[in-house]
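Have a look at the structure below before the remarks.
Note that the structure is a prediction, hence the values are computed from the model and not measured. To find a chain, count down the sequence lines: A is the first, B the second, and so on, and within it residues start at 1.
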2 protein chains.
Amino acid sequence: MSVSSYNFSSFRSGSVVRLAADNSSYNAACGGCPSRHISLCNVLSARDLKKFSEIITDIRKSAKQVICAEGDESGNIYNIRTGAVRISKMLSDGRRQITGFLFAGDFFGLSCRNKYSYTAEAITDVEICSIPRAKIIDSFRKFPELGERAFDMTRIELEATHEQMLLLGRKTAREKLCSFLLAIRGKYKPLDQGDDTIVDLPMSRSDIADFLGLTVETISRQFTGLYRLGHIELEGFHKVVLKDADALFALAEGD
Amino acid sequence: MSVSSYNFSSFRSGSVVRLAADNSSYNAACGGCPSRHISLCNVLSARDLKKFSEIITDIRKSAKQVICAEGDESGNIYNIRTGAVRISKMLSDGRRQITGFLFAGDFFGLSCRNKYSYTAEAITDVEICSIPRAKIIDSFRKFPELGERAFDMTRIELEATHEQMLLLGRKTAREKLCSFLLAIRGKYKPLDQGDDTIVDLPMSRSDIADFLGLTVETISRQFTGLYRLGHIELEGFHKVVLKDADALFALAEGD
DNA sequence: AGTCTGCTTTGACCGCTGTCAAGTATTTAT
DNA sequence: ATAAATACTTGACAGCGGTCAAAGCAGACT
């Protein structure tokens, strides 16, 4: 089964993705996990995974539900099996910054001490697994390769946030949207159709705005602008066809 | 010897901070290190530190010199012993985003794979130690507490970048500058003088602008604005007296 | 099917911050 | 010390993106 079977277009329907059990003896919680091969835990042997799975709780949330809230006691870390999640921070007057969109295989909740420093909400229906913080930190000691993998993933995330800071601080609205479309495309490598690439956007315009430091109206105008230039086409609100990725790439950095 | 002895006001002169050797038998490279107690390596025992110090090279750079450049092969990670460093990324047309200011005890260069994804430059004269990537990753395995400490520091940095994304995407110019002044104050806990707090800013106005996603002119106008409100006073370009930290705090979040 | 509700698009206008330019202060070099 | 270069401040003006308002669209629920 290939990775692309799990790109996020596959769960937009909200239906539950359930793999047929394979022939291994994994604990049910992890054995059938559709994101296992791209998750934190993919470094564990079958034997270690079974042990590891004992500390895991399965959770499902439907779209728009809160998974954890800024300020809550950060008792658990969460790993996404299917679906899309947004991570956000708010100012007291309601201004919101989305700091990341997370998908199958991504985890969150580790970069906090006592309290979550951000809110995580389900964008689509999601399946996630929850792991007590104290226990996963134990696991990092028990299974050093797991700790290394978590560290690696954290470093990759840190690099991505640096790129996003460049975007937020220095790019124009058009550059921001082009960068975003390409980043989403790159991250989930959706199927190519001819020369065009179709990108699924499970999040709303307002989510995109709050991710890029813009308003909904500006996002909408930029989508229209790119359409008029012939670089994209819109199929409903949540699908974008990239007609000319090279042009988008050029626009993304102001060249 | 307290941490505050090493707050960054102490090296603004550019003079070399050198501690009297203590009575231990540390290797010279690390034994006299003025940032040892706040650095990565502070978790190592005297014995382990001695071993660890064998892979370290001391480096000095004077202000404005490049330590490593975006795109260079990322062979080393760097730890700051004294001085201030700026980390930045650039767009092809020269627009720059500073993603962080680093000081004694901070390290950089780990969150990259083959190439550095950012440029690091000395703001003041600096003393840094350089450690080959491959060897420090080895050390993480040999001294697990060192790896955990690096992981912890990386997670703290990641949380800070989330806060900075909120600032870049959603705060006004005034809110950005107030947040910045308070963050610098909080980070280095400089000496209080009466009720006022004096904050040292080794970086230029243009560095501050590129850190906050603004222009030099806007930074300058905001400094003047805060001065006219009576919340700060300027002592030369590189010292700010916070006359009313509470007011700044309120302004930092738009309350 | 039809209505409702929330999401998205579009338009008109405004204001914050950027741009350009000139003048002042500070640092560096001689 | 003096001169030159660099850094900072201030002013006038412009424009990008925000705000406010209204209309179009799509999915949800009877």
**Prompt:** Atom CZ of B/Arg170 and atom P of C/dC16: how far apart are they, to the nearest Å?
**Reply:** 17 Å

**Prompt:** Hey, does the side chain of A/Asp125 reach the backbone of A/Ala63 with a donor-acceptor pair shorter than 3.5 angstrom?
**Reply:** yes

**Request:** Starting at atom CZ of A/Phe237, determine the distance to atom C1' of D/dC25, rounded to an integer number of angstrom.
**Result:** 5 Å

**Prompt:** Between the main-chain N or O of A/Ser35 and the side-chain N or O of A/Ser39, is there a donor-acceptor pair closer than 3.5 Å?
**Reply:** yes

**Prompt:** In whole angstroms, how far is the P atom of C/dT9 from the CG atom of A/Leu226?
**Reply:** 12 Å

**Prompt:** What about B/Glu217, does its side chain sit under 3.5 Å from the base of D/dC8 through a donor-acceptor pair?
**Reply:** no

**Prompt:** Would you say A/Glu175's side chain and A/Thr172's backbone share a donor-acceptor pair under 3.5 angstrom?
**Reply:** yes

**Asked** Rounding to a whole Å, what distance do you find between A/Phe223:CZ and C/dT10:P?
**Response** 12 Å

**Atom-to-atom span, CZ of B/Arg221 to P of C/dT19 - whole angstrom** = 12 Å

**Pair B/Gln164-B/Thr161, side-chain donor/acceptor within less than 3.5 Å** = no

**Prompt:** To the nearest angstrom, how far is B/His238 atom NE2 from C/dA25 atom P?
**Reply:** 16 Å

**Presence of A/Ser206 side-chain N/O under 4.0 Å of C/dC7 phosphate oxygens OP1/OP2** = no

**Request:** Look at B/Arg205 and D/dT9 and indicate whether a side-chain polar atom (N or O) is within less than 4.0 Å of OP1 or OP2.
**Result:** yes

**Message:** From the set C/dT9, C/dT10, D/dT9, return the single nucleotide nearest to any side-chain atom of A/Thr224.
**Reply:** C/dT10

**Item:** Gap between atoms CD1 and C1', on B/Ile219 and D/dC8 respectively (whole Å)
**Value:** 12 Å

**Request:** Would you mind classifying the nucleic acid contact of A/Gly225 as base, sugar-phosphate or nothing, using non-hydrogen atoms under 4.0 angstrom?
**Result:** nothing

**Request:** Quick one: label A/Ser204 by what it contacts on the DNA or RNA (base, sugar-phosphate, nothing), any heavy atom closer than 4.0 Å.
**Result:** sugar-phosphate

**Message:** Just N and O in the side chain of B/Thr218: are any of them under 4.0 Å from OP1 or OP2 of C/dC16?
**Reply:** no

**Message:** Under 4.0 Å, heavy atoms only, any strand: does B/Leu214 hit a base, just the sugar-phosphate, or nothing?
**Reply:** sugar-phosphate

**Request:** Classify the ring geometry between B/Tyr78 and B/Tyr116 as parallel (under 30°), tilted (30 to 60°) or perpendicular (over 60°).
**Result:** tilted

**Message:** Both B/Lys64 and B/Thr172 contact DNA chain C. Which one's nearest nucleotide lies toward the 5' end?
**Reply:** B/Thr172

**A/Thr215 vs B/Asp207, nearer the 5' end of DNA chain D by closest nucleotide** = B/Asp207

**Fill in**
In whole angstroms, the gap separating P of D/dC8 from CG of B/Leu177 amounts to 13 Å

